[in-house]
There are 2 protein chains.
Amino acid sequence: MTDPSPGTDATAVNALLGYRLRRAYAAMMADFAEVFAPMGLRTSLLAALLLIESNPGIIASELGATLAIKRANMVPLLNELEAAGLIVREPAPDDRRATALRLSPKGQAKLPEIKRRLADHEARFASRMTAAEYALLMDLLGRLQEDAGEHGDQSPKG
Amino acid sequence: MTDPSPGTDATAVNALLGYRLRRAYAAMMADFAEVFAPMGLRTSLLAALLLIESNPGIIASELGATLAIKRANMVPLLNELEAAGLIVREPAPDDRRATALRLSPKGQAKLPEIKRRLADHEARFASRMTAAEYALLMDLLGRLQEDAGEHGDQSPKG
DNA sequence: TATTGTTATACTCTATAACTATA
DNA sequence: TATAGTTATAGAGTATAACAATA
């Protein structure tokens, strides 16, 4: 299962940035699932946990906007984290429509181990390049995710 | 919708390679959909078309293995391409279990315009970096998608 | 016994519409 | 009127199990 088909010419797709992104992302997702599926954690749940830790009291809609997850899709996600006892939902102090999110004591207790496994997971891929290459990769991925549309032509040409 | 929340500290997730990959991939998918959804094309359909063009007569299971798409999931995908009149399924000459795939005349006629739009789409993102940066990015993404598992410790250290 | 194509099925992610209660 | 949370729903991607025909 290493080489899919030596006789197949895959250059047409391998030359595509979008295709390489997809395959690289899939590889990291597979490793992530291997590590965190036994704990019942998926990427969206873990990302929410990390941001709630860094931003205690953050409201659900703000968390969703930061993670690019629609409000409607945040609900079952937060339900899951709450049912697992990792977070608590509180009424927001300044807005009675909103829900403020915090880690529960159990969530705080579990985060160190989660972060350790996450760091191992990340290192498993970062170790395939030099520190300089890694820094540039993070920078370039950041440029790709920026919204370039709606501004006309601002690209200074490469 | 450019800045989700200026008051939110997102460094915990922005420091993750997996998260940056996800966001960069999502940005390219959004642009891809804007271009190709009106034509009824999705990434999997387009990738299949490109590989069938480069590998006329390729059998379905080999195409699936190359694209990392399970055989069971290839069936509705090929049904869709066939129903759209873009490909034809033929009996494989050497194996009566297999199905050989080829572009139909209509598929061949449509591919040039598809490739043009695809190149524009790709250039919209590649233009955000220098040629050298682009080359390194493609290389690094290729390293990430390689199966590093099952070999023990072969990483030469960065 | 293993593989190819296929069907059926299930789960996750994502997207939209509509409702309520607040603002 | 606009927003926060919620519900319901639908589409796409992905995964496994099982079957018939063939290798």
Side-chain angles (χ1 to χ4, degrees), chain A residues 1 4-5 18-19 21-23 25-30 32-34 36-37 40-48 57-83 87-101, chain B residues 1 4-5 8 18-19 21-23 25-30 32-34 36-37 40-48 57-82 87-101:
Chain A
M1 271 207 202
S5 287
Y19 184 78
L21 271 178
R22 172 184 179 272
R23 297 300 296 264
Y25 180 61
M28 288 203 71
M29 285 308 93
F32 185 98
E34 211 172 296
F36 290 104
L41 281 180
R42 303 187 303 282
T43 53
S44 51
L45 298 173
L46 183 38
I58 189 174
I59 70 173
S61 64
E62 198 172 316
L63 178 59
T66 305
L67 289 175
I69 298 176
K70 295 263 186 293
R71 296 166 298 287
N73 298 326
M74 288 298 299
V75 178
L77 195 154
L78 295 174
N79 286 346
E80 202 173 338
L81 289 176
E82 194 180 37
I87 68 165
V88 291
R89 283 197 254 217
E90 304 170 348
D94 54 324
D95 189 336
R96 289 193 304 183
R97 297 171 301 180
T99 309
L101 306 169
Chain B
M1 268 208 208
S5 288
T8 303
Y19 184 78
L21 270 178
R22 172 184 179 271
R23 297 300 295 263
Y25 180 62
M28 287 203 72
M29 286 307 95
F32 185 98
E34 212 172 295
F36 290 104
L41 281 180
R42 303 187 304 282
T43 54
S44 51
L45 298 173
L46 183 37
I58 188 174
I59 70 172
S61 63
E62 197 171 317
L63 178 59
T66 305
L67 289 175
I69 297 176
K70 296 263 187 292
R71 296 166 299 287
N73 298 326
M74 288 299 297
V75 178
L77 195 154
L78 295 175
N79 287 346
E80 202 173 338
L81 289 175
E82 194 180 38
I87 68 165
V88 291
R89 286 196 249 215
E90 304 169 349
D94 55 323
D95 188 336
R96 289 194 303 183
R97 297 169 302 177
T99 309
L101 306 170

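This is a predicted model, so every value here is computed, not measured.
Remark: B:Thr99 OG1 to B:Glu62 CD distance equals 13.0 Å, nearest 0.5 Å. Atom OG of residue B:Ser61 and atom CZ of residue B:Arg97 lie 8.5 Å apart, to the nearest 0.5 angstrom. In this structure, CD1 in B:Ile69 is found 7.0 Å from CG in B:Leu63, a value given to the nearest 0.5 Å. Put simply, CE on A:Met28 and OG1 on A:Thr43 are 11.0 Å apart, with the number rounded to the nearest 0.5 Å. Note that CZ of B:Arg22 and CG of A:Leu67 are 7.0 Å apart. Values are rounded to the nearest 0.5 Å.
Rounded to an integer number of Å, the gap from CG of B:Leu41 to C1' of D:dA12 is 15 Å. Rounded to a whole Å, the CG atom of A:Leu46 is 12 Å from the P atom of C:dC13. Per the geometry, CG belonging to A:Leu45 stands 12 Å off P belonging to C:dT14, to the nearest Å. Whole-Å rounding puts the A:Glu82 CD to D:dG5 P distance at 13 Å. As rounded to whole Å, 14 Å separates atom C1' of C:dA10 from atom CZ of A:Arg42. If you take CE of B:Met29 and C1' of C:dC13, they are 15 Å apart, rounded to a whole angstrom. The separation between A:Ile59 atom CD1 and D:dT3 atom P is 12 Å, rounded to whole Å. The distance between atom CG of A:Leu67 and atom P of C:dC13, rounded to the nearest whole Å, is 12 Å.
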Would you tabulate the pairs of protein nitrogen or oxygen atoms and nucleotide nitrogen or oxygen atoms of nucleotides 18-23 of chain C closer than 3.5 angstrom?
unit_1, atom_1, unit_2, atom_2, d
C:dA23, OP1, A:Arg96, N, 3.0

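When the side-chain nitrogen and oxygen atoms of A:Thr99 are compared with OP1 and OP2 of D:dA4, none of them lie within a distance under 4.0 Å. Contact annotation: B:Arg22 reaches the phosphate of C:dT14 (side-chain N/O to OP1 or OP2, under 4.0 Å).
Shown are A:Leu101, A:Leu45, A:Val88; of these, the side-chain contact (heavy atoms from CB on, under 4.5 Å) with A:Leu81 is made only by A:Leu45.
Here the closest non-hydrogen pair linking B:Glu80 and B:Gly40 is OE2-O, 4.4 Å.
Comparing D:dT14, D:dA4, C:dG5 against the side chain of B:Ser61 picks out C:dG5 as the nearest.
Along DNA chain C, the nucleotide nearest A:Thr43 and the nucleotide nearest B:Asn79 are compared for position; the residue whose nucleotide lies closer to the 5' end is B:Asn79.
Applying the 6.0 Å contact sphere to CZ of A:Arg89 captures more than 12 heavy atoms from other residues, nucleotides or ligands.
Contacts of residues 68-78 of chain B with DNA chain D (heavy atom under 4.0 Å): B:Lys70, B:Ala72, B:Asn73.
With contacts defined as side-chain heavy-atom distances shorter than 4.5 Å, the pair B:Asn73/B:Leu77 does not qualify.
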